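Chain identifiers are assigned alphabetically (A, B, ...) following the order of the sequence lines, protein sequences preceding nucleic acid strands; residue numbering begins at 1 within each chain. Keep in mind that this is a model prediction, so the values were computed, not measured.
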Number of protein chains: 2
Amino acid sequence: MVRAGLTLERLTRAGAELADEVGFDQVTVSALARRFDVKVASLYSHLKNSHDLRTRIALLALEELADRGAAALAGRAGKDALGAFADVYRDYAREHPGRYAAAQYRLDPEAAAASAGGRHSRMTRAILRGYDLTEPDETHAVRLLGSVFHGYVSLEAQGGFSHSAPDSQESWSRIVDALDALLRNWPAP
Amino acid sequence: MVRAGLTLERLTRAGAELADEVGFDQVTVSALARRFDVKVASLYSHLKNSHDLRTRIALLALEELADRGAAALAGRAGKDALGAFADVYRDYAREHPGRYAAAQYRLDPEAAAASAGGRHSRMTRAILRGYDLTEPDETHAVRLLGSVFHGYVSLEAQGGFSHSAPDSQESWSRIVDALDALLRNWPAP
DNA sequence: GCATCTGCCTAAAACCTTTAGGCAAATAGT
DNA sequence: ACTATTTGCCTAAAGGTTTTAGGCAGATGC
């Protein structure tokens with residue numbers, strides 16, 4: 001009996017690929033076993049259960065996204081940083097729809113704490129350093145940016161903006177312009 | 001054998017309740033059958049399959065949301081309309097998390113065409129009539145508003161803004177203020 | 001009162017999840 | 001190098017969900 005060389009690492013990575021190919025909610029322990037040409041039960045020495053698998057894929061996606069965000073932010077500031085960071089989200093979701101869906105998977109508190117969630121909000125806050133916002137407005141703005149990026153990308157993934165003019169890329173650019181303008185002129189309470 | 005009185009209508013409605021109670025992705029044909037105290041196979045004379053059930057729940061949620069939006073918009077304009085409409089989304093998602101999740105369910109093109117999606121974008125456009133936007137900026141703004149509402153509500157549902165100051169309600173109000181300011185001063189290309 | 005139709009049933013196959021227990025390959029101790 | 005232990009994948013099995021096929025009885029129509 002030749003060993004397949006299963007590891008948590010490889011299982012998670014293969015799960016992420018599977019998600020991109022067939023959709024995150026089609027990611028199943030069975031499908032993963034099939035992909036490694038191994039019996040299903042074998043995976044249960046590595047994974048606690050199916051929720052565990054999905055959580056690990058989610059954490060992977062969040063890390064990858066944060067890595068890309070950090071790379072995009074390096075050496076940029078102001079609107080330049082804002083646009084680059086926004087594109088990271090959109091491009092990642094388009095390249096890796098399954099992983100992006102995974103990043104939305106509801107994590108339990110411990111997983112959430114161990115996730116790259118903190119890096120994401122710190123990066124968003126770093127972008128806002130290019131604008132003159134003070135607390136609590138900076139926090140409101142962090143939440144607004146997170147909402148727009150996530151919301152736009154989700155709606156786009158659902159096909160919300162396809163088949164209608166103007167095309168999605170143009171709206172995306174103009175929305176980034178609008179957010180930049182808004183952050184430069186954040187209204188007083 | 002006493003008949004249970006299953007109809008598409010009742011099944012969809014019960015499915016929506018089930019979604020709110022146990023989460024949309026726990027909505028299963030089996031669970032629904034259990035709720036009607038009926039054998040699973042019996043539902044298949046009413047429903048094509050499990051995707052069909054989920055689609056119908058999604059359509060119901062979109063209609064309900066559109067109805068609430070229409071009610072909120074009646075007699076309002078400008079920022080008043082914007083804030084009321086925004087609250088409709090947020091309140092609906094908080095009251096009916098399962099239904100709101102359903103409203104995000106990926107519809108196939110025919111279902112999407114028959115959905116209340118069109119009403120939603122028409123209502124958003126109606127709000128923008130209180131601001132001086134011309135095409136294509138109006139469309140960009142429609143997409144921005146949709147993204148913010150959906151994005152914020154999704155992140156909030158995921159627990160994104162809980163356990164941290166300032167509280168979510170305050171951010172929500174300030175974000176609506178900010179959007180109003182932005183729409184009044186939409187940047188030229 | 002009979003015929004038809006409709007609604008819910010039983011049966012069954014296919015697939016996914018998860019647990020328990022076993023054998024063989026890898027690894028470590030002497 | 002040989003034994004002992006650990007580790008990795010296996011078989012087996014139980015329980016749940018999905019979906020199709022075919023049947024019987026209660027509701028509906030003539």
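Protein atom CG of B/Leu32 is 10 Å distant from nucleotide atom P of D/dT18, rounded to whole Å. Rounded to whole Å, the distance from CG on B/Asn49 to P on D/dT18 is 10 Å. Rounded to an integer number of Å, the gap from B/Leu53 CG to D/dT19 C1' is 14 Å. Taking atom CZ of residue A/Arg10 and atom P of nucleotide D/dG8, one finds them 13 Å apart after rounding to whole Å. Atom pair A/His46:NE2 and D/dT7:P shows a separation of 12 Å (rounding to whole Å applied). Computed from coordinates, the B/Leu8 CG to C/dT6 P distance equals 15 Å when rounded to whole Å. Between B/Leu43 atom CG and D/dT20 atom P there is a gap of 13 Å when expressed in whole angstrom units. Put simply, CG on A/Leu47 is 10 Å from P on C/dT18, counting in whole angstrom units.
For A/Tyr152 and A/Phe161, the ring centers sit closer than 6.0 Å to each other.
Residues A/Phe24 and A/Leu18 have side chains not in contact (no heavy-atom distance under 4.5 Å, counting atoms from C-beta outward). By the 4.5 Å heavy-atom criterion applied to side chains, A/Leu145 and A/Leu128 are counted as neighbours.
Here the nucleotide nearest the side chain of A/Lys39, chosen from C/dT18, D/dT19, D/dC10, is D/dC10. Closest to the A/Ser42 side chain, of the nucleotides D/dC10, C/dC8, D/dT18, is D/dC10. Counting only heavy atoms from C-beta on, A/Arg54 has its side chain closest to C/dT17 among D/dT19, D/dC9, C/dT17. With D/dT19, C/dT17, D/dC9 as the choices, the nucleotide that has an atom nearest any side-chain atom of B/Val40 turns out to be D/dT19. Of the candidates D/dT20, C/dC8, C/dT17, the closest approach to any side-chain atom of B/Tyr44 belongs to D/dT20. The side chain of B/Thr28 lies closest to D/dT18 when the candidates are D/dC9, C/dT17, D/dT18.
A sub-4.0 Å separation between OP1 or OP2 of C/dC8 and a side-chain N or O of B/Ser45 is absent. Taking only side-chain nitrogens and oxygens, B/Arg34 never comes nearer than 4.0 Å to OP1 or OP2 of D/dG16.
No side-chain N or O of A/Arg174 forms a donor-acceptor pair with one of A/Gln169 less than 3.5 Å apart. Counted by atom type alone, A/His120 and A/Thr124 present zero donor-acceptor pairs between their side chains at under 3.5 Å.
Nucleic acid contact for B/Ala41: base, since at least one base atom lies under 4.0 Å from a heavy atom of the residue.
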